[in-house]
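Following: one structure in structure tokens, then a few remarks.
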Number of protein chains: 2
Amino acid sequence: LVVKKQDPAIERDLHLALEDLFYGCTKKMKISRRVMNEDGHTSSIKDKILSIDVKPGWKQGTRIKFEKEGDQGPNCIPADIVFVVQEKPHPWFSRQQDDLIYTSHIDLEKALTGFSVEIQTLDGRFINVPVNDIVHPKYTKIVPGEGMPMSRDPSQKGNLIIQFEIHFPEKLSADRKRLVRQALAH
Amino acid sequence: LVVKKQDPAIERDLHLALEDLFYGCTKKMKISRRVMNEDGHTSSIKDKILSIDVKPGWKQGTRIKFEKEGDQGPNCIPADIVFVVQEKPHPWFSRQQDDLIYTSHIDLEKALTGFSVEIQTLDGRFINVPVNDIVHPKYTKIVPGEGMPMSRDPSQKGNLIIQFEIHFPEKLSADRKRLVRQALAH
């Protein structure tokens, strides 16, 4: 009796852009593995393509397991191969669960008087978000339904959360300070 | 031959106010322990006072060990008793290593036009810190030497770091917005 042992699973990162996780996509991953020849004693290295069907809304850390796709050997069960989703950084969005976070940089003047933000969505549309509230450092503007698709039901989407970095002037003249006092005095 | 074993150390929290850690102090801690009687077979519970000489500048997590002050028994080495410093929250300071952090709440008007902050130190003095720079949300004002004493040399002290929470107005009239634009326009 030969007791066959299975090695621990082999993990590999699967780097995906937010757009891939938004739309879903198919990723083909090439692996090189030791395969037993027909004689049952010798082996050789062969390439194999594994196809991963990325669903819309998958998150960082999602694991996709291919059973027994590791090296074959006479006395072992091949290891499982597991791909682990890693989100690639996006130039202007970050992700929190099903929500997308966008940071808008604005001058203090706009923060106090109103403005609008134009944002390009992951599916390439430009949306214009008017902000008429006074924007303080912890203010966020929430745009419902413009976040990531939810993996259980990709027709449903999370929110787009706009946060603001307010740029203050470095200096103000005495005249301008007087106007500030008039504008903001209680 | 009897091999005497020692139980793992007994840990107890020693809660200290920032003032205690600033000045140093002596803390007396009562422990109840099983002590062998003179016959060498029977034992009884007795109270004991352990005295801890808190040095200025000790930090959260500092460990003070009293060797073999745990329960006595015929076939064991009494466990060590270890006190672990835990900082009590202070009403207006928090601590980062040797620095003290103070959060000043100010109106946007003051942030843009100047003001001064009055702070009561841990040794009860009132210090007045003028701020003439424009205060943006990430601005900090550093007052050297008004932090915690350094435990290696308590005559040396860390910094007091003042951070600011800027309160924005909730609404502004059209007139006031016009003044804001005049004051802050490029």
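Letters A, B, ... are given to chains in the order of the sequence lines, protein chains preceding strands, and every chain is numbered from 1. No experiment lies behind these values; they were computed from the predicted model shown.
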So, the part of A:E165 with a heavy atom under 4.5 Å from chain B: the answer is side chain
Counting heavy-atom pairs under 4.5 angstrom with chain B, the leader among A:L108, A:L184, A:D175, A:V180 is A:L184
From the list A:Q182, A:R178, A:K110, the residue making the most non-hydrogen contacts under 4.5 Å with chain B is A:Q182
Nearest heavy-atom approach of B:L172 to A:A183 is CD2-O, 3.8 Å
- Message: Membership question, hydrophobic clusters at under 4.5 Å side-chain separation (ILVMFWY): are A:L179 and B:F168 in the same one?
- Response: no
How about CD on B:Q96, more than 12 heavy atoms from neighbouring residues, nucleotides or ligands closer than 6.0 Å, or not?
no
Q.
Taking atom CD as the centre, does B:E170 end up with more than 12 heavy-atom neighbours from other residues, nucleotides or ligands that are less than 6.0 angstrom away?
A. no
B:H41, NE2 atom: more than 12 neighbouring heavy atoms under 6.0 Å: no
Is a side-chain N or O of A:R176 found less than 3.5 angstrom from the main chain of B:A185, in a donor-acceptor match? yes
message: I'd like to know whether NZ of B:K59 has more than 12 heavy-atom contacts from other residues, nucleotides or ligands below 6.0 angstrom.
response: yes
- Message: Are A:L160 and A:Y23 connected into the same hydrophobic cluster when the rule is that any two of I, L, V, M, F, W, Y join if their side-chain heavy atoms are below 4.5 Å apart?
- Response: yes
**Prompt:** According to a 4.5 Å side-chain heavy-atom criterion applied to Ile, Leu, Val, Met, Phe, Trp and Tyr, with indirect links allowed, do B:L50 and B:I64 form part of one hydrophobic cluster?
**Reply:** yes
Separation between OG1 (A:T113) and CZ (B:R181), nearest 0.5 Å, reads 4.5 Å
Checklist entry - Applying the 4.5 Å side-chain criterion to the ILVMFWY set and letting contacts propagate, would A:I166 and A:F115 be lumped into a single cluster? => result yes
Got more than 12 heavy atoms from elsewhere within 6.0 Å of CD, B:Q163?
yes
Among residues 129-157 of chain A, those lying within the under-4.5 Å heavy-atom range of chain B are A:N132, A:I134, A:V135, A:H136, A:P137, A:K138
